[in-house]
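All residue numbers in this chain count up from 1 along the given sequence. Given the structure is predicted, the values throughout are model-derived calculations rather than measurements. Order of listing sets the numbers, starting from 1, for every ligand and every atom in it.
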Amino acid sequence: MIHPRLFLSRLHGLISLKLLAFVFAGLLCIPATAMEPKQIQAALDRAYEKYKGLKEGANADYIPVLAEVDSNIYGIALVTPDGKVYTAGDVKSEVSIQSISKVFTAAKVMEESGPDKIFNTIGADATGMRFNSIVSIEMSKQAFGGPEMNPLVNPGAIAATSMVKGNSRDDIFNSILSYYSDFAGRKLSVNEEVFKSESDTNQRNQAIGMLMYAYNYIEDNPMQATDIYTEQCSISVNAKDLATMAGTLANGGVNPVSKKTVLKPDNVPKLLAVMATAGLYDDSGKWLWRTGLPGKSGVGGGIIAVSPGNFGIAVISPPLDEAGNSVRAQKAIADISNALGGNPYAVMPMKQ
Ligand code: DON
């Protein structure tokens, strides 16, 4: 039988280890689900306060109506695989999902036609260029002679949208909208003002769609694909929606709040792979260096990031940096993830 004093000292050891783990979670790589809710909430609150006053960056204005969005909107949400939702700041205000939509349309194509459809037709490589680069299409076709793009830049995303199945334009769009809604766990809708504003100024994406068609990346009807792509970018979301969408990816394709299976577990790592290589465009390497997290940004001001098996996180704050990524969102997510041990590459050596 164990001596009571030994028992007490072991218990004491265990308790202090747990305390230590909370304090140094970032260093010890304790998964967020194993952390005290209070610790997770404190990490969100700290990042919210730290960056509340930050005034760097500017709203996107190449889509005219985005320039008018309130630059002060700032909301943080985090969802763990056990369905707990943590928030800080404004998680009610909605912005257009913009490029974050590309992840979920690629997911839909993978579900409908298998992941090879994306891999063999569009590719899974970073272009290293801006999200709406036309040169990247030329490079992919002329220099590399193959699908050397990815579904998270405009050319690849418009091609992915062209692959979604449906009997009519509206049928295809509604099926995309309903799929995104399953990820978010509530019925999402389109911001018609954003859709109109981008449709009226969408000549560059139309050119991209047409060039992708000319090079056989798009099989048919490139203008319809560009139009549906533009509408999917105009879907309205708040930080909680985006975090639930990211949380579904962190949880192997099952929405952790609604418990609905949205994506096959096998497709999740492939999607996370393109998010890691291309989610923040030509700044994806810098982002991965700082966080180790697959992420995706949108010019509406949102960023999502996924710590697999651990948490999905989203921050909305419209002012962007030069690459088109929200300034506050990048900083807040990096801080929170590092505080929660979110970097999947950060491991401690095994005790020999
Ligand atoms: O196609 C566009 O230009 C926009 N609808 C989306 C671009 C975007 O969000 C890039 N994000 N960082």
**Message:** Please check whether Ala323 reaches ligand 1 - meaning an N/O of the residue sits under 3.5 Å from an N/O of the ligand, judged on distance alone.
**Reply:** no
Task: Pairing of Arg169 and Glu231 as salt bridge, 4.0 angstrom limit - done: yes
Per-atom filter on ligand 1: closer than 4.0 angstrom to a heavy atom of Phe131 are 3 (O), 7 (C), 10 (C)
The atoms of ligand 1 lying under 4.0 Å from a heavy atom of Tyr229, numbered in the order shown, are 1 (O), 2 (C), 4 (C), 5 (N), 6 (C)
**Asked** Would a distance-only check, ignoring hydrogens and angles, find a side-chain to backbone donor-acceptor pair under 3.5 Å from Ser181 to Leu188?
**Response** yes
(Q) Test your reading of the structure: does Lys102 have an N or O sitting under 3.5 Å from an N or O of ligand 1? (A) no
Logged contact type for Asn132 with ligand 1, heavy-atom cut-off 4.0 Å, is neither
Audit row: Arg328, Glu49, salt bridge (Lys or Arg N to Asp or Glu O under 4.0 Å) steps and yes/no
CA-CA 11 Å; Arg328 274 202 286 221; Glu49 286 303 323; over 6 Å; no
One finds that the ligand 1 atoms under 4.0 Å from a non-hydrogen atom of Cys233 are 5 (N)
Practice problem: Return yes if some donor-acceptor pair links the side-chain N/O of Asn150 with the main-chain N/O of Val153 below 3.5 Å, else return no. | Solution: yes
Could you check if a side-chain atom of Pro151 sits within less than 4.5 angstrom of a side-chain atom of Thr105, using non-hydrogen atoms only? no
| query | For Gly324, is at least one N or O under 3.5 Å away from an N or O on ligand 1? | reply | yes
For Gly298, the atoms of ligand 1 under 4.0 Å from one of its heavy atoms are 9 (O), 11 (N), 12 (N)
**Asked** Does Ser99, backbone or side chain, put an N or O under 3.5 Å from an N or O of ligand 1?
**Response** yes
Shortest non-hydrogen pair, Met129 vs Tyr281, comes out as O-CB, 4.4 Å
min-distance protein heavy atom vs atom 12 (N) of ligand 1 -> Tyr281 CE1, 2.9 Å
*Expected output: side-chain Asn343 to main-chain Thr291 donor-acceptor under 3.5 Å*: yes
* Does ligand 1 have an atom that lies less than 4.0 angstrom from a heavy atom of Asn205? -> yes
### Task
Would you please classify the geometry between the Tyr74 ring and the Tyr48 ring as parallel, tilted or perpendicular, with 30° and 60° separating the classes?
parallel
- Counting only N and O atoms by type, is there a donor-acceptor contact under 3.5 Å from the side chain of Thr244 to the main-chain atoms of Lys240? yes
Checking the N or O distance criterion of under 3.5 Å, is ligand 1 in contact with Glu198?
yes
The protein heavy atom nearest to atom 3 (O) of ligand 1 is Tyr62 OH, 2.5 Å
